[in-house]
Amino acid sequence: MTPASLRTQAEALRHAGRPADAIDPLMQALALAPTEVDTYLQLGFALQDLGLFSQATEALRTAAILCPDSVMTQGYLVHATQKAADWRELGNDLAALRAALQASPGDEFGMPFALVGLPHTRAELRRAAELASRHVARGIRPMAPRPLLPRERVRVGYLSSDFHAHATAALMAELLERHDHERFDVRLYSHGPDDGSPLRRRIQAAAGQFVDVTDLGLPALAERIRADEVDILVDLKGHTAGSRMAALAYRPAPVQVSWLGFPGTSGASFVDYVIGDPVVTPMAHAPDYSEHIAQLPHCYQPQDNRRELGPAPTRASQGLRDDALVLLGANAVYKITPPLWAAWMELLRRLPEAQLWQLSGGEQADARLRAATAEAGIAPERLVIAAPVDMQSHLARLACADIALDSWPCNGHTTTSDALAAGVPVVTLAGDGFPSRVAASILTAAGLEACVTTDVTGYLGKVCELARDGQARARLREVIASRPAGLYDTARFARELESLYQRMWERALIGLPPEALPAA
């Protein structure tokens, strides 16, 4: 077999959920062609699927060495090192990614998601997103526009692979139930698995129509959406894993929107609007978005008031001390950078009674975090790793925490909402771009602006202030328990979102191009 056919075989095995079986054909391919970049990339992906992040990093570093000017190889490498919590070369790797991004001729995949968890400018994220969108849409010709006619119900289609037990579905469930189905014909186009979960069944029941498009290729998917005469197509994935945003390049709907999945611009000429709010997408940031900004008046992220919060487990069952001040780090390990980790270690030094309760990143990443704790001079029992559990168990156990430590420059998104749902106050550091302003948006809508800081000194100070003032923490918990309408009135959120859709659709009906839609 040729290296290319071996690589194709390995990729098929990996996508079939058999990454271990993909390793052997990839090693055979490398024996035949030891400088083939794509083979090293596939090897890195297979190793990541197996949780072997350190080994994956080595495979991806080889690809980056072989192709140092590639944004794609540099992006995959730096993201892999973050997932491995391996920060030894992070400064050099980030510099290489930024240099490749600046020098790119514009015909390769830009890896925008790699930038999300790392220090970056809004302009850099737009540049990476534009590269990625051009790459995934290459060779696609848009369909001819269809005539637009007023109808009793505006037809809205949501496109995603996450209509199952997933963070996106957890956020959207009540919104879908609250949609005004007399004014809006809501259709879900699902290209993800049916996990048989209660959340999947709830999502299906809430939709006007639930269309499984898993087996459709991009052209057929676009044809189906076009045949259904969808008026407003909302892509919920953007530049995240499993996305089929490229289907929008066919222009199957007259109005096309990016929302919720990717915290930034799509960089796509075929997406008309990005839905945000005055905090995450202030109009002053418009030059860094390829779309027109459409603002909701409060937080852009919906909530689900019907989620059931089970009884909290005991702290002892989670490996936590009953007398500890528990600082929760519930964001994915790839969002931890050396400055953030240094800040958390400083908190442990200032607060000797505290334990840091960090979500597991896998065996190898956890070991690196333990080593980094020891290097900071912190006793090992003060870092407690939270093992992976199902969504409901995770939500219930969050109540064991006293304060949630948000990550930066990439904030917690659903993670922040989960902490608040469990009654845990969150302290965030708001930055300059969408990924670093999400928690600020959520907390502001919840009336918890006092928990939003703008620099490391303020972040440390706010956490320590709350740590030493149990009454202040109790007051914050009271605010959270009151379910502030700015965040938790999902019926109002639905009306505000529908109003935004109506404004988009009315412009399209009278032949006007998309324009910025400030919060009404």
Colleague: Would you call the rings of Trp259 and Tyr158 parallel, tilted or perpendicular if under 30° counts as parallel and over 60° as perpendicular?
Modeller: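 Tilted, since the angle between the ring planes falls between 30° and 60°.
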
Colleague: Is there a donor-acceptor pair closer than 3.5 Å between any side-chain N or O of Gln358 and the backbone N or O of Ile385?
Modeller: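 Such a contact is absent between Gln358 side chain and Ile385 backbone.
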
Colleague: Can you name the residues that form a ring pair (Phe, Tyr, Trp, His ring centres under 6.0 Å) with Tyr501, not counting sequence neighbours?
Modeller: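 Once residues adjacent in sequence are excluded, Tyr501 has no partner under the ring pair (Phe, Tyr, Trp, His ring centres under 6.0 Å) criterion.
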
Colleague: Does the side-chain contact (heavy atoms from CB on, under 4.5 Å) test come out yes or no for Ile378 and Met345, once each step is laid out?
Modeller: CA-CA 7 Å; Ile378 303 297; Met345 294 300 99; 3.9 Å; yes

Colleague: Just do the side-chain contact (heavy atoms from CB on, under 4.5 Å) check on Glu346 and Trp344 with the steps written out, would you?
Modeller: CA-CA 5 Å; Glu346 177 60 21; Trp344 286 359; over 6 Å; no

Colleague: For the CG atom of Leu487 and the CZ atom of Arg492, what is their distance to the nearest 0.5 Å?
Modeller: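 CZ of Arg492 is found 10.0 Å from CG of Leu487.
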
Colleague: Quick one: are Arg370 and Asp366 in side-chain contact, heavy atoms under 4.5 Å?
Modeller: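 In short, these two side chains touch, coming nearer than 4.5 Å.
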
Colleague: Could you work out, with ring pair (Phe, Tyr, Trp, His ring centres under 6.0 Å) as the rule, every residue matching Tyr273, not counting sequence neighbours?
Modeller: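 So Tyr273 forms no ring pair (Phe, Tyr, Trp, His ring centres under 6.0 Å) with any residue.
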
Colleague: With no hydrogens and no angle check, is any side-chain donor or acceptor of Gln74 less than 3.5 Å from a backbone partner on Pro68?
Modeller: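 A pair under 3.5 Å: yes.
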
Colleague: Using a 3.5 Å distance criterion without hydrogens, assess whether the side chain of Thr265 forms a donor-acceptor pair with backbone atoms of Ser290.
Modeller: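 Yes; judged by distance alone, with no hydrogens or angles, the pair exists.
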
Colleague: Taking atom types as modelled, find out whether His413 and Gln301 have a side-chain donor-acceptor pair closer than 3.5 angstrom.
Modeller: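 The answer is no; no qualifying pair exists.
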
Colleague: Can we call the ring centroids of Phe493 and His298 under 6.0 Å apart?
Modeller: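 No, ring centres 6.0 Å or more apart.
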
Colleague: Run the side-chain contact (heavy atoms from CB on, under 4.5 Å) test against Pro518 and tell me which residues pass, sequence neighbours left out.
Modeller: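 Counting only residues at least two positions away or on another chain, Pro518 forms a side-chain contact (heavy atoms from CB on, under 4.5 Å) with Met283, Gln295, Arg503.
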
Colleague: Cut-off 3.5 Å, no hydrogens considered: what does the side-chain donor-acceptor table look like for residues 424-434, sequence neighbours left out?
Modeller:
from	atom 1	to	atom 2	distance (Å)
Thr428	OG1	Asp406	OD2	2.5
Asp432	OD1	Arg122	NH1	2.9
Asp432	OD2	Arg122	NH1	2.6

Colleague: Please report the C-alpha distance between Ile232 and Trp505 in whole Å, then the side-chain angles of each, then the deciding distance to 0.1 Å, and finally whether the side-chain contact (heavy atoms from CB on, under 4.5 Å) criterion is met.
Modeller: CA-CA 7 Å; Ile232 301 174; Trp505 181 235; 4.1 Å; yes

Colleague: Would you compute the distance between atom CD1 of Ile403 and atom CG of Leu325 and round it to the nearest 0.5 angstrom?
Modeller: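 Going from CD1 on Ile403 over to CG on Leu325, the span is 5.0 Å.
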
Colleague: Would you check if the side chain of Thr73 reaches a backbone N or O of Ser70 as a donor-acceptor pair within less than 3.5 Å?
Modeller: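 Yes.
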
Colleague: Within this structure, what is the CG-CG distance for the pair Leu359 and Leu398, rounded to the nearest 0.5 Å?
Modeller: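 So the gap between those two atoms works out to 9.5 Å.
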
Colleague: May I ask you to test the Thr81-Tyr334 pair for a side-chain heavy-atom distance under 4.5 Å?
Modeller: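 A side-chain contact is absent here, since even the closest heavy-atom pair is not under 4.5 Å.
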
Colleague: Would a distance-only check, ignoring hydrogens and angles, find a side-chain to backbone donor-acceptor pair under 3.5 Å from Arg178 to Thr490?
Modeller: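 It does not hold such a pair.
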
Colleague: With rounding to the nearest 0.5 angstrom, report the CD to CG distance, Gln42 to Asp38.
Modeller: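 Those atoms lie 7.5 Å apart.
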
Colleague: Taking side-chain contact (heavy atoms from CB on, under 4.5 Å) as the definition, give me every residue that meets it alongside Ser104, ordered by chain and number, with sequence neighbours left out.
Modeller: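 Ser104 satisfies side-chain contact (heavy atoms from CB on, under 4.5 Å) with Val71, Glu108, Arg127, Leu131 once adjacent residues are dropped.
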
Colleague: Find the distance between NZ (Lys335) and SG (Cys410) and round it off to the nearest 0.5 Å.
Modeller: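 Reported to 0.5 Å precision, the distance equals 4.0 Å.
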
Colleague: Give a yes or no on whether the ring-centroid distance for Phe113 and His239 is below 6.0 angstrom.
Modeller: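 Centroid distance Phe113-His239: not below 6.0 Å, so no.
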
Colleague: Can you pull out every side-chain hydrogen bond (donor to acceptor under 3.5 Å, both in side chains) where at least one residue sits in residues 88-98? Sequence neighbours excluded, please.
Modeller: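 Only Arg61-Asp93, Asp86-Arg88, Glu89-Asn92, Arg98-Glu124 qualify under side-chain hydrogen bond (donor to acceptor under 3.5 Å, both in side chains).
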
Colleague: Would a distance-only check, ignoring hydrogens and angles, find a side-chain to backbone donor-acceptor pair under 3.5 Å from His120 to Leu118?
Modeller: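 Judged by distance alone, yes, a pair lies under 3.5 Å.
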
Colleague: Looking at Gln102, I'd like to know if its CD atom is crowded, meaning that more than 12 non-hydrogen atoms belonging to other residues, nucleotides or ligands lie closer than 6.0 Å.
Modeller: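 Counting other residues, nucleotides and ligands, CD of Gln102 stays at 12 neighbours or fewer.
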
Colleague: Tell me, do Asp418 and Leu420 make a side-chain contact under 4.5 Å, heavy atoms counted?
Modeller: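 Sidechains of Leu420 and Asp418: no contact.
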
Colleague: To the nearest 0.5 Å, what is the distance between CG (Leu466) and CG (Asp402)?
Modeller: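 Reported value, rounded in 0.5 Å steps: 10.5 Å.
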
Colleague: Report yes if the side chains of Leu171 and Thr414 come closer than 4.5 Å at any heavy-atom pair, otherwise no.
Modeller: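 Heavy-atom side-chain distance check passes, below 4.5 Å.
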
Colleague: Enumerate the residue pairs fulfilling salt bridge (Lys or Arg N to Asp or Glu O under 4.0 Å) with a member in residues 231-260, sequence neighbours excluded, ordered by first and then second residue.
Modeller: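 Output for this query lists Arg146-Asp231, Arg151-Asp231, Asp162-Lys237, Arg251-Asp272.
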
Colleague: If a pair satisfies side-chain hydrogen bond (donor to acceptor under 3.5 Å, both in side chains) and one of its residues is in residues 435-446, list it, with sequence neighbours excluded.
Modeller: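 Passing the test, one end in residues 435-446: Asp277-Ser441.
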
Colleague: So, does Arg477 use its side chain to make a donor-acceptor pair with the main chain of Gly423 at under 3.5 Å?
Modeller: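 Judged by distance alone, yes, a pair lies under 3.5 Å.
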
Colleague: List in chain and number order the residues that pass side-chain contact (heavy atoms from CB on, under 4.5 Å) with Ala56, two or more places apart in sequence or in another chain; answer none if no residue qualifies.
Modeller: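 Listed in chain order: Leu47, Gln48.
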
Colleague: Contact between Pro514 and Met504 at the side-chain level, heavy atoms closer than 4.5 Å - yes or no?
Modeller: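 The answer is no, as the side chains (C-beta and beyond) never meet within the 4.5 Å cut-off.
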
Colleague: Arg126 side chain to Tyr289 main-chain N or O, any donor-acceptor pair under 3.5 Å?
Modeller: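 Yes, Arg126 side chain to Tyr289 backbone: donor-acceptor pair under 3.5 Å.
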
Colleague: Let's go through Met172 and Asp304 carefully: what are the C-alpha distance in whole Å and the side-chain angles of both, what is the deciding distance for side-chain contact (heavy atoms from CB on, under 4.5 Å) to 0.1 Å, and is it a yes or a no?
Modeller: CA-CA 7 Å; Met172 288 193 66; Asp304 177 14; over 6 Å; no

Colleague: Using only atom types and a distance under 3.5 Å, with no angle test, would you say the side chain of Thr373 pairs donor to acceptor with the backbone of Leu383?
Modeller: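 No; judged by distance alone, with no hydrogens or angles, the pair does not exist.
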
Colleague: Excluding sequence neighbours, so at least two apart, what forms side-chain contact (heavy atoms from CB on, under 4.5 Å) with Ala165?
Modeller: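 Expected list: Asp195, Ser197, Met391.
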
Colleague: List in chain and number order the residues that pass ring pair (Phe, Tyr, Trp, His ring centres under 6.0 Å) with Phe45, two or more places apart in sequence or in another chain; answer none if no residue qualifies.
Modeller: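 Phe45 satisfies ring pair (Phe, Tyr, Trp, His ring centres under 6.0 Å) with Tyr76 once adjacent residues are dropped.
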
Colleague: Quick check against the 3.5 Å criterion: does Glu496 have a side-chain atom that pairs as donor or acceptor with the backbone of Leu296?
Modeller: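 Not at all, since once roles are kept as given, no pair shorter than 3.5 Å links the two residues.
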
Colleague: Taking NZ, NE, NH1 and NH2 as the nitrogens, is one of them in Arg307 or Glu174 under 4.0 Å from a carboxylate oxygen of the other?
Modeller: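 No, this pair does not count.
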
Colleague: Checking Ser407 now: which residues fulfil side chain to side chain donor-acceptor pair (under 3.5 Å) with it, not counting sequence neighbours?
Modeller: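 Side chain to side chain donor-acceptor pair (under 3.5 Å) check on Ser407 returns Asn331.
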
